[in-house]
Structure formats: structure tokens, C-alpha cells
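Below is one structure, written out as C-alpha cells; the observations come after it.
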Amino acid sequence: MRHSSRTIVVTFPQVGSAVCDCWNLRFVLFCFVSPFPIKSIDDLCSKMKARPWTALLHCLLVSGLVVEAIEPVSTSLLLGTGAAMLGRKIYRYLYETCDENWVKFNATGLKYDLDTKLYGQHVAAQVILKAVTGFMKNENPKKPLVLSLHGWTGTGKNFVSQLIAENIYAKGMSSSFVHLFTATAHFPHEMHINTYKSQLQEWVRGNVSICPRSMFIFDEMDKMHPGLIDSIKPYLDFYDNLNGVSYRQAIFIFLSNAGGENIVQVALDFWRDGREREEMQLKDLETALSLSVFNNRNSGFWHTGLIDKNLVDFFVPFLPLEYKHIVQCGLSEMVSKGHVPDREVVEMMAHDLNYFPKEERVFSMQGCKVIPSRLDFYV
């Protein structure tokens, strides 16, 4: 920052330069696009006796004041163009917009999160990482990314969706470009299915028009009315655009308990055969999983064109969790609650949960979903 008796020139990160002519706390802002990183406006704020962004916005608001030292027409052009450009830059930093400041994929972050925060799901972690990374690095995908996550409750399906969002959007699940639908909350009445179809189409179309890199998460697909999800089938297909809107950069994630029995059966077979859990691969589960979901009359995927036309890129199986995974979840939960991890306490809690088969107690029936509430009882 440099200053004279009357003029302060200030720079601030990736925004531009501001020249403020101060007089009785009234000043004029000249905005110039600058490629240089901008340090701070603390000195300006101390002079103006205002908070940083307050001072800056005040500059914008009063930038129409007349500057006698400059020819009027030039002043108007400079102030109008400069203030508008700076205003847009500030808006993009203060308010979420669909650009790289707010939407930017962190491949390293996603890998780290899947490796360190997701327990007992080596198949899902591998598939998710490759699918999302490959899609996000493809500048011209042929269709949206469509993932269908399956498994019993508490195995990590919602958690993985959250990790994906956090490594693409600066605001994570709170981003205005991430849209979560829950079947029982958003589509409760079968008699209104035609209305739901129209609303869903409009919602997806409208939001992809605003941000092509939008994410749509559909939870409780096993409770969704059959036929409803087919209303968005065209948006998931191989089209350059539909009515001027391209959906090829969007991400659709479906979460369902359907198919969980098939996944559990494969896991039990591996265990009974004395094979390691880590030997299970996607090919051991995916085909049986997609068929069971497609033929399940109680599933939102029942005879859906999404499966029939191969529009789901990956059916991702989430395995039932074992005792050791429940302990890992419990230790992580203690840390998140601000406690010092106590393995003895966590093991006591984990031991009291229900497991199956009944005699061998191999797999948890509730998974990690109940841990936050159960742990409070033991701490």
C-alpha cells in the first residue's frame, strides 16, 4: 500500500487496485483490473474507520461522485467500467457462483478422505475415486456421471456422497449447486406422481441451466415410487443438449438399501469360505446387484430405463461392517465430539450392538449410523 496526504492506493487478493480520495469519510473509488495479488486493506479501513468489506462496498456505492481533477466524461467511463468489474469480482468472492472459486475438484482431497475416513469399504472407495476423478478430469464427457450406491443402512452411502460434495464444492453439502432429494420427504404420495415428475424435471433443468456442474443426490431410492425417476432419464442420456441445456457435466447419485441382501450374501460366502474381505471385487457383486435392483418391485429402479438403457455408470456395493470397523467409527466420532479417543469405551459400545449371524456375530446390523447417539451413553 502507498499513500499521500489525500490519496490511498490499495490492493487486495485477486480483485484489483483501488484509489480512494478521502475527504470527511467520503471518497471516490477508481477500479483497475490488476493481475497482482493484493495484500490488505487494513490501512484503508483504519483511515475510513470501517470494516474491510464495508469500506470497499462504500467505495462502490459512492463511486459516482464528481472528481474535479479529471475530465468528466473520462471519469464517468472509468468509474462505471471499473466499479462494475470490481463489483463482479467481489460478488463472486462473497456469494457462491458456478466458477472455479466455488466449484473445483480436489482429487487429492477425495483420495485422502476415502482412505482415512471411510471404513471397511475398499470396493466402494476404489470405484468412487476412479469414477469421480475420471469424470471431473474429462473436459468433454459424453453424458453425466451416474452412480448408484447400494447397501444396508449405516454402511457409508450418505457419508460418501458428502465426501464427494466436499471435494468439488467449496461449501460442500451446503452448496446451492448440491441438491438432495429424499423419497419419503419430497415424493410421499403416489397419487401425485405426475406432479412430482413435472416438478423434478423442472428442478433439474432449471438448476443445470444455472450451473452445469450441479450435483443431484436421491436418497431412499428403495422407497421411491416406481416410474418417477424415469422422468429425468433424458437428462442422463448421451445428448449434447436438450432444448439448449447440456447435462453432460452434472452428477447424479442414487442411494438405496435395495440389493443389500445380495451384498450381504456375497460377504457371508467369502467369510464362510475363509477368504479375506479385501479379496472381494466389484465384479463379484455388480451384476447380481443391478439385476436384483431392476427386478425389485419395491425399488424406485423397478424396470427403469436407467438400468435397461445402461445409463447408470456404476452400481457401487457397500459391504456390511464388521466389529473392527464399528470400533474405528467410534474412535473417529469421539474425536469429532471433542473427546480424547478411548478405545475401551468404544469397544464397550461396539460390543453391545447387534451382529449377525447370531452365533458368530460377524457383521453389524446397524453399521455406523447409530454410533453418534449411542456413544453419548458410554462417554
Side-chain angles (χ1 to χ4, degrees), residues 143-155 157-162 165 173-211 214-239 241-247 250-263 289-318 366-367 369-370:
K143 64 180 290 294
L145 176 63
V146 183
L147 302 174
S148 190
L149 315 187
H150 297 266
W152 278 12
T153 184
T155 51
K157 302 184 297 295
N158 280 284
F159 183 59
V160 163
S161 302
Q162 175 185 325
M173 290 295 292
S174 299
S175 171
S176 57
F177 309 129
V178 176
H179 312 276
L180 174 63
F181 299 92
T182 303
T184 53
H186 294 97
F187 317 111
H189 306 297
E190 187 173 8
M191 67 181 71
H192 299 315
I193 188 169
N194 289 328
T195 300
Y196 296 151
K197 286 181 178 181
S198 299
Q199 291 174 339
L200 186 56
Q201 288 175 336
E202 290 301 321
W203 184 264
V204 172
R205 183 188 302 117
N207 281 284
V208 173
S209 299
I210 295 171
C211 183
S214 292
M215 178 185 291
F216 302 90
I217 303 171
F218 296 86
D219 196 5
E220 298 182 341
M221 280 298 297
D222 49 303
K223 297 181 178 65
M224 185 174 286
H225 304 298
L228 174 56
I229 204 64
D230 277 338
S231 65
I232 63 169
K233 174 185 170 291
Y235 306 152
L236 277 58
D237 215 327
F238 292 82
Y239 295 116
N241 70 77
L242 292 170
N243 297 322
V245 180
S246 174
Y247 299 87
I251 299 175
F252 294 83
I253 302 177
F254 302 107
L255 313 180
S256 177
N257 292 344
E261 296 82 1
N262 297 72
I263 298 170
L289 179 58
S290 62
L291 287 174
S292 68
V293 171
F294 182 76
N295 293 314
N296 187 341
R297 285 182 173 271
N298 296 319
S299 168
F301 280 130
W302 184 66
H303 285 195
T304 176
L306 273 63
I307 297 178
D308 194 35
K309 301 299 182 182
N310 298 309
L311 298 181
V312 177
D313 297 299
F314 293 96
F315 289 90
V316 186
F318 280 70
Q366 299 108 325
K369 198 164 191 174
V370 300

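Fair warning: this is a prediction, and the values are worked out from it, not measured in the lab.
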(message) As a quick check of understanding, evaluate side-chain contact (heavy atoms from CB on, under 4.5 Å) for Phe218 and Phe252, giving each step before the final call.
(response) CA-CA 8 Å; Phe218 296 86; Phe252 294 83; 4.1 Å; yes
(message) Is the shortest side-chain heavy-atom distance between Ser256 and His150 below 4.5 Å?
(response) yes
(message) Is any side-chain heavy atom of Val208 closer than 4.5 Å to one of Val245?
(response) yes
(request) State which residues pass salt bridge (charged side-chain N to carboxylate O under 4.0 Å, His left out) with Asp219; sequence neighbours excluded, sorted by chain then number. (result) none
(request) Would you confirm whether Gln201, through its side chain, and Ser231, through its main-chain N or O, come within 3.5 Å as a donor-acceptor pair? (result) yes
(request) Measure up the Trp203 and His179 rings against each other and bin them: parallel (under 30°), tilted (30 to 60°), perpendicular (over 60°). (result) perpendicular
(message) Assess the residue pair Val146 and Leu311 against the criterion (side-chain contact (heavy atoms from CB on, under 4.5 Å)); give the C-alpha distance rounded to whole Å, side-chain angles, the decisive distance to 0.1 Å, and a yes or no.
(response) CA-CA 7 Å; Val146 183; Leu311 298 181; 5.5 Å; no
(message) Quick check against the 3.5 Å criterion: does Asp313 have a side-chain atom that pairs as donor or acceptor with the backbone of Leu147?
(response) no
(message) Could you tell me if the side chain of Phe181 sits less than 4.5 Å from the side chain of Phe216, heavy atoms only?
(response) yes
(message) Counting neighbours of NZ on Lys309 that are heavy atoms of other residues, nucleotides or ligands and sit closer than 6.0 Å, is the number greater than 12?
(response) no
(request) Evaluate the side-chain proximity of Ile193 to Phe187: yes if any heavy-atom separation is below 4.5 Å, no if none is. (result) no
(request) Answer yes or no: is there a side-chain heavy-atom contact under 4.5 Å between Gln199 and Glu202? (result) no
(message) When you compare the side chain of His186 with that of Tyr196, does any pair of heavy atoms fall below 4.5 Å?
(response) no
(request) May I ask you to test the Leu149-Ser161 pair for a side-chain heavy-atom distance under 4.5 Å? (result) yes
(request) Mark yes when over 12 heavy atoms from residues, nucleotides or ligands other than Asn241 sit less than 6.0 Å from its CG; otherwise mark no. (result) yes
(message) Taking CD in Glu190 as the centre, count heavy atoms belonging to other residues, nucleotides or ligands within less than 6.0 Å. Is the count above 12?
(response) no
(message) I'd like to know whether NZ of Lys369 has more than 12 heavy-atom contacts from other residues, nucleotides or ligands below 6.0 angstrom.
(response) no
(message) Please check: side-chain N/O of Lys157 versus main-chain N/O of Trp152, any donor-acceptor pairing under 3.5 Å?
(response) yes
